[in-house]
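A note on names: the letters A, B, ... follow the listed sequences, proteins ahead of strands, and every chain is numbered from 1. This structure is a prediction, so every number in the text was calculated from the model and none was measured.
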2 protein chains.
Amino acid sequence: MTQGTENTSTDRRSDRTKAAILRAARERFAEHGYERTTIRAVASDAGIDPSMVMRYFGNKAQLFDATLTIDLRLPDLTDVAADELPQTLVRHFLARWEGDPADDALLVLMRSAVTNEQAAARMHEIFAAQVAPALAAALGPEAAARRAGLVSAQLLGLGLTRYLLRLPAVTTLTPDEIERGLAPAIQAVLDPD
Amino acid sequence: MTQGTENTSTDRRSDRTKAAILRAARERFAEHGYERTTIRAVASDAGIDPSMVMRYFGNKAQLFDATLTIDLRLPDLTDVAADELPQTLVRHFLARWEGDPADDALLVLMRSAVTNEQAAARMHEIFAAQVAPALAAALGPEAAARRAGLVSAQLLGLGLTRYLLRLPAVTTLTPDEIERGLAPAIQAVLDPD
DNA sequence: ACTGTAGGCCAACGAGTGTTGACTTTCCAG
DNA sequence: CTGGAAAGTCAACACTCGTTGGCCTACAGT
């Protein structure tokens, strides 16, 4: 399959179409979820034949898997003051989503994870590898373990209602209003009662 | 089609299989969402032929629609003290979900609404017809309009992470811990800052 | 100029889907 | 006892899907 010579800048041709397939797949999976996304549609978007998708990614599940490489880009929370932590979190996710929700990988994942085991498992991984440690840096490990779940529930709840379900009561709020409304709530979850 | 005589207690036979189909459909839609639920599987669960499903419900979309009749059974919040409101809400939804999440209609709807426009629209209706008025009774109309969205985001976030995504950080919490953790957060959203 | 190989296309397969119409069985009213 | 409607079965249609294998084309190395 891969020839012995490992060049950093050759294999030009295939790399470009491979990237085109990935880009198209991300968009489709984001908009319609796993089941309603067809290999034929992805190939058509990328301007190539469906069989090329199989050649480069094996099958649909592996293509989906290749799509799910997600970096939340959470800032280092070690030096963030306790009372600024909630607002930092809300602002971070809002900034991430307000840009172009349609192809944000985290929303892609949420959309598919509610019906697809593979996607749900990936969600668990991302949570354990990124969210939990980031909070542990700010709160200490044992407090983080107890609070991280509900914090995630609140942030994902915002993503769900505003960007996936698009509930009018949430979409009509401005980012500022959301930040002012949700930050105290997250503060309440973080505070020891 | 419907004969002139309108009996309240006859037409026995068909009513029972119609109910069996609905029950089976709810379970399937709840567990796998709209796309992955097949008419054949529903019919098999109900112990009848797939064509009967078509006879009684027309097509798959209409069967799905018939499944989505949801009553949140929210209590009357008019006489609930302001500081007991959050705990009342959290307790209500936890009680509803802890029983048998697998066939709770609201979770069915959430699971499908992230990829299905029809389901998302129904979610909007339910929200406008049930959640918003219930909160208006407790907070007054203009405060409710501003807060209802974020309250819904928090409650649906709980449902999403605990029952659909099953994030370990959330599923390992006891109902009591969730109530103690989340009620203050919802209080914070409701309070005018 | 020749050839091997990687990149790409085309046509088809097998399985599963929603849906339909004709046929059979059940059962109650006359 | 006997029609006839209601309830249910059966087999098939038309379609889409993921996936496969054979074929064509461009092009770099010799």
Side-chain angles (χ1 to χ4, degrees), chain A residues 1-25 28-29 31-67 112 115-119, chain B residues 1-25 28-29 31-67 112 115-119:
Chain A
M1 312 303 169
T2 60
Q3 64 269 40
T5 63
E6 298 215 351
N7 291 326
T8 37
S9 58
T10 47
D11 290 333
R12 280 279 151 231
R13 187 73 167 282
S14 63
D15 281 359
R16 255 187 307 147
T17 71
K18 200 168 168 178
I21 294 172
L22 259 185
R23 191 165 356 106
R28 288 273 170 182
F29 283 133
E31 191 155 6
H32 302 112
Y34 183 81
E35 328 290 343
R36 295 182 43 181
T37 295
T38 69
I39 299 252
R40 285 171 158 87
V42 169
S44 166
D45 288 355
I48 46 98
D49 191 86
S51 63
M52 296 304 296
V53 178
M54 311 304 295
R55 193 196 282 285
Y56 287 130
F57 293 94
N59 57 35
K60 187 180 177 179
Q62 290 177 49
L63 170 64
F64 185 56
D65 197 72
T67 288
S112 296
T115 54
N116 186 293
E117 279 304 322
Q118 181 188 357
Chain B
M1 311 303 166
T2 61
Q3 65 271 40
T5 64
E6 298 214 352
N7 291 327
T8 38
S9 59
T10 46
D11 291 334
R12 280 279 151 231
R13 186 73 168 283
S14 64
D15 280 0
R16 255 188 308 148
T17 69
K18 201 168 166 178
I21 293 172
L22 259 184
R23 191 168 354 108
R28 287 272 169 182
F29 282 133
E31 192 156 5
H32 301 112
Y34 183 81
E35 328 291 343
R36 294 183 42 180
T37 294
T38 69
I39 299 251
R40 282 169 159 89
V42 170
S44 166
D45 288 356
I48 46 96
D49 191 86
S51 62
M52 297 303 295
V53 179
M54 310 304 294
R55 192 196 282 290
Y56 287 131
F57 294 94
N59 57 37
K60 186 180 179 182
Q62 290 177 50
L63 170 64
F64 185 57
D65 197 72
T67 288
S112 296
T115 54
N116 186 293
E117 279 302 324
Q118 181 188 357

* Asked: Given atom CG of A/Leu63 and atom C1' of D/dC17, what is their separation to the nearest angstrom?
  -> 15 Å
* Asked: Heavy atoms under 4.0 Å, any strand shown: does B/Tyr56 hit a base, just sugar-phosphate, or nothing?
  -> sugar-phosphate
* Structure fact -> Atom OH of B/Tyr34 and atom P of C/dT17 are separated, to the nearest Å, by 14 Å
* **Rounded distance in Å - NZ (B/Lys60) to C1' (C/dT19)** => 12 Å
* Plane angle bin for A/Phe29 and A/Phe64 - parallel if under 30°, tilted between 30 and 60°, otherwise perpendicular -> perpendicular
* Nearest-nucleotide pick for A/Ile48, side chain only, options being D/dT9, C/dC9, D/dT19 -> C/dC9
* Asked: What does nucleotides 10-16 of chain D look like as a protein-contact string, B for base, S for sugar-phosphate only, - for none, at under 4.0 angstrom between heavy atoms?
  -> B-B----
Report, one pair per line, the protein and nucleotides 24-26 of chain C atoms (nitrogen or oxygen only) whose separation is under 3.5 Å.
none

* To do: Counting heavy atoms from C-beta on, name the nucleotide in C/dT19, D/dA7, C/dG8 closest to the side chain of A/Met52.
  => C/dG8
* For the pair B/Lys18 (side chain) and B/Phe57 (backbone), establish whether a donor and an acceptor sit closer than 3.5 Å, ignoring hydrogens and angles. => no
* Asked: Going by the side chain to side chain donor-acceptor pair (under 3.5 Å) test, which pairs reach into residues 47-57 of chain A, not counting sequence neighbours?
  -> A/Asp49-A/Ser51
* Asked: Atom CE of B/Met54 and atom C1' of D/dT9: how far apart are they, to the nearest Å?
  -> 16 Å
* Nearest nucleotide by nearest heavy atom, which residue falls closer to the 5' end of DNA chain C, B/Asn59 or B/Arg55? -> B/Asn59
* Structure fact -> To the nearest angstrom, the CZ-P distance between B/Arg36 and D/dC17 comes to 17 Å
* Contact nearer the 5' end of DNA chain C, comparing A/Gly47 with B/Glu35 -> A/Gly47
* Asked: In whole angstrom, what separates B/Phe57's CZ from C/dG18's P?
  -> 15 Å
* Would you mind reading off the distance between A/Gln62 atom CD and D/dT19 atom C1', rounded to a whole angstrom? => 13 Å
